[in-house]
Visitor: 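I am attaching a structure below and will ask some questions about it afterwards.
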Amino acid sequence: MKNLWHIARALWQTTPAFRLALLYLVLLAAVALALPWLPLAYGPNELDLEQIYQAPFGWNTETDKSQHWLGTDGLGRDVLSNVLYGARTAFAISLPVMTLASLIGLTLGAMAGLYGNRRLYLSRALVAALLFALLPFAYYGLYLPTLLFSQGADYADFFLTGIAAVIFSLLVVVTLTPLFKRLTFLHKKTPFPTDELLLRLIEVQTSIPRLVLILVLAAIVPPTLLALSILLVLTFWTGTARLARAEMLRIRELPFFEAATSLGYTQRRLLFRHALPHLLGPVLVAFSFGLAGLLMLESTLSFLNIGVSTDLVSWGRMIAGIRTNTAAWWLVAIPGAILSLTVLALQTVSYYVLRSLQYKK
Amino acid sequence: MANFVFRRLLLAIPTIWFIASAIFILSKLMPGAFGSAYLAQQEAGYYSRSDAASRDHSYRQFLKITGQDLPLFYFSVTSAALPDTLHRVFPERDRAFLKKLSWQYGDPEAATLFFRSLKTFEASLSESERQKVQEHLIRIYSHKDAAELQQATTGIATQLSATRLSHSQMLENSERLLSQSQGYTYLLPSLQWHGTQSQYHRWLSGLLQGSLGTSLRDGRPVATVLGEAIGNTWWLLLVSMLFATLLAMELAILMVRRSGRIWRSTFLPSLFLLDSVPLFVLAMLLLVLLANPAFLQLFPVYGMGYYNSFDQSWVAQLSQWLQFMALPMLCLVLANLPYLTNQFYQALAAVAGQDYIRTARAKGLSEHRVIRRHMLRNALLPVITLLSDFLPALVAGAVIIETIFAIPGVGRLLIDAVLARDYPVIMGIVVKVAIFRLLSHLLSDLLYALADPRIRSHAA
């Protein structure tokens, strides 16, 4: 962390492009945060049907309404406030999604890299019992709560099923493990193929292009923000996981890590005290690259009007407005420029940080 | 080599099966089947005279023909508080009502009986009688607790004569439902075995025999629908891929030359800039600038211009096709150029420092010959795998480009199918894309062996 701070400060002093990109991002974030207190004449979803397709900077003196500085779209929605609120939406979706995806990716990738295929020993009996315990857990812990939720039940019912899920799963594990241990095949301890499992999972998921997968899943789930965010998390964790795994494999071979291992530290201490600080830099770079990709994907989805509801203010929705009137260039130029600039700024920042991280090695 | 290809295939088949099955089952678990919206919408319009009953009947027939009234999987585990035959109840509104009834009172049998008698009772009502009990019926459908149901049924009993009610047995059934209500039945699971009479079995066996099913929208086989669309996408992808690769290679060669400093300082930043423009923004910008009467009308805007292509020679047809395809291809080439050029350049620059390049230069070979004969072949190796990884990105790009330029290809088909929830078509596209990806991996392995004799001899 301290290391990254040094890198950022050095870059700030030496590289003008980095300074410019960072300034732009901070400014955009500040404006997006301060939006409710800014004196905007129009709301983002406010229709002004008397002034549709107004060009930007056009001085109209006929009406006594306030000026649409950056023009309006086909329903008279103000472009300026849509662009600003669009920034808010874009970051409100992409920041939590990318954080969650990075956390999942980091955890799984670091585990896979640390344990490899033959370092995590589990007793076969326990694994088999756990697999069986999944059944009652799935019924009481997942199926019944969703049913209860759809039927609008009380808290007491949720509580009851939760207790049932824990008790039954524990019961299965406790009774089956000693039973399984009597079998000769299940008695042994075998290495758990963590790495192989993760790689297979990633391979299955990436065998369909991400956009196609999201489109298909968006056809299935209802078009709410929560559902879309879950979809995005589920498709974005693979990149970070791959990176964290590769970095972990590299770190594991470094002398200081070998020294720590030979000192007999626990796996937990190895992971948190010795590996994680070195993983953080690359993962943060991947985070900001992923953020840029997520911004693009989110606006593409709202441009195609898939997976999001139509009253969600976003850059993509504004750009989609041009398809009904191709003469309204400002509908694509202004939100498109802001979107591209944001992506460019994110990529510039991560590019320079990545370069100085690699240079240090 | 054959061994390697075989292993790859063996690993890929479970992957495709897993993805396709997961999407199939997920799509069936979520509410909102294809056509249910149609049932709710069309209240007798001017053109459609059909009443609710006949529409209901035709919808049931549609479900029966498409096999959607079957249970989903080989077996099902449900809560014991839900009736076994829930999947056979249509439309979805009735299904939700029955589900609520049996959930609330914890007795699926009594709930089903009451539900059936309620339906027969409703069907037997004449128009004037219906007017009288309408209010109570609505209350039955939306009731929250047992007292409310009791109130509604006694309301109906007072409104109608006793003979009218006797043969539908609704009142008896409602009393039975109320008296037998019990709380925690739902905690027990109930397992049912459906065997091969399930939607999943039908779909999977169809898939294994090469049939992708029929489209829900127009009843045509999915293979036909896909076959019509795949041609356009294929040519769009192939041509733009070729152009992008060649252009990227030439640019990279320009930049890697010793005198290429000026190219490097102009191309690299501008490609970086181009890379941060999302594809759909790029496409819309080009559309606005180059296919717009307000600015420059160089290209036709939408579609493929099919209307007059029958009586033309192939030259005229091709030129017309090119007219319509030029802008979409330009978009795809521009969008993919930065990444490709960067990768080619990195690969070439990595080779440029090698000893054998210095030797080639020392022999007095021209710069042209050094790059084309000595560097390129060695630099190609990492790029080949990259190209095959790159195909999915191209497919995703095709989805966006085809939607914007209204090209009738697979991408647009996917968007249309997603919007209409036409699951057989969606599944067909997913399977095709996965196979496409698999083939591209295989192709890249073969090309890898072709480019590097060491691998060929090692594998053989």
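Residue numbering restarts at 1 for every chain, and letters A, B, ... go by the order of the sequence lines.
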Visitor: Could you tell me which portion of A/Leu304 (side chain, backbone, both or neither) has an atom closer than 4.5 angstrom to a non-hydrogen atom of chain B?
Guide: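 Just the side chain, heavy atoms under 4.5 Å.
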
Visitor: Where does B/Leu414 contact chain A at under 4.5 Å (heavy atoms): side chain, backbone, both or neither?
Guide: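 For B/Leu414, the contact with chain A is made by the side chain alone.
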
Visitor: B/Leu82 versus chain A, heavy atoms under 4.5 Å apart: side chain, backbone, both or neither?
Guide: side chain

Visitor: What part of A/Ile306 gets within 4.5 angstrom of chain B, counting heavy atoms only: side chain, backbone, both, or neither?
Guide: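 For A/Ile306, side-chain heavy atoms alone lie under 4.5 Å from chain B.
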
Visitor: Less than 4.5 Å apart, side chain to side chain, heavy atoms only: is that true for B/Phe24 and B/Ile19?
Guide: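 Side chain of B/Phe24 against side chain of B/Ile19, heavy atoms only: no contact under 4.5 Å found.
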
Visitor: Measure from NZ or CZ of A/Arg323 to the centre of the six-membered ring of A/Phe303, then state whether that distance is under 6.0 Å and the direction lies within 45° of the axis.
Guide: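 Judged by the rule, A/Arg323 and A/Phe303 form a cation-pi pair.
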
Visitor: Determine whether the aromatic ring centres of A/Phe289 and A/Phe287 lie less than 6.0 Å apart.
Guide: no

Visitor: As an exercise: rank A/Leu217, A/Thr161, A/Asp157 by heavy-atom pairs under 4.5 Å with chain B and give me the winner.
Guide: A/Asp157

Visitor: Shorter than 4.5 Å, heavy atoms on both sides: which option in A/Leu331, A/Leu297, A/Thr300 has the most such pairs with chain B?
Guide: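 Greatest number of close heavy-atom pairs with chain B: A/Thr300.
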
Visitor: Checking heavy atoms, do the side chain of B/Leu273, its backbone, both or neither come under 4.5 Å from chain A?
Guide: both

Visitor: Can you tell which part of B/Phe272 gets under 4.5 Å to a heavy atom of chain A, answering side chain, backbone, both or neither?
Guide: both

Visitor: Side chain, backbone, both or neither: which part of B/Val77 has an atom under 4.5 Å from a heavy atom of chain A?
Guide: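 For B/Val77, heavy atoms of backbone and side chain both lie under 4.5 Å from chain A.
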
Visitor: So which residue, A/Val204, A/Leu341, A/Val332, ends up with the most heavy-atom pairs under 4.5 Å with chain B?
Guide: A/Val204

Visitor: Considering residues at least two apart in sequence or located in another chain, which fulfil the side-chain hydrogen bond (donor to acceptor under 3.5 Å, both in side chains) criterion with B/Thr15?
Guide: none

Visitor: Heavy-atom distance under 4.5 Å to chain B: side chain of A/Thr342, backbone, both or neither?
Guide: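 Neither; nothing under 4.5 Å.
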
Visitor: Show, in sequence, the C-alpha distance, side-chain angles and deciding distance for A/Tyr139 and A/Phe137, and conclude whether the ring pair (Phe, Tyr, Trp, His ring centres under 6.0 Å) test is met.
Guide: CA-CA 5 Å; A/Tyr139 181 75; A/Phe137 185 78; over 10 Å; no

Visitor: Kindly write out the residues that satisfy salt bridge (charged side-chain N to carboxylate O under 4.0 Å, His left out) with A/Glu203, not counting sequence neighbours, or none if the list is empty.
Guide: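 Partners of A/Glu203 under the salt bridge (charged side-chain N to carboxylate O under 4.0 Å, His left out) test: A/Arg200.
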
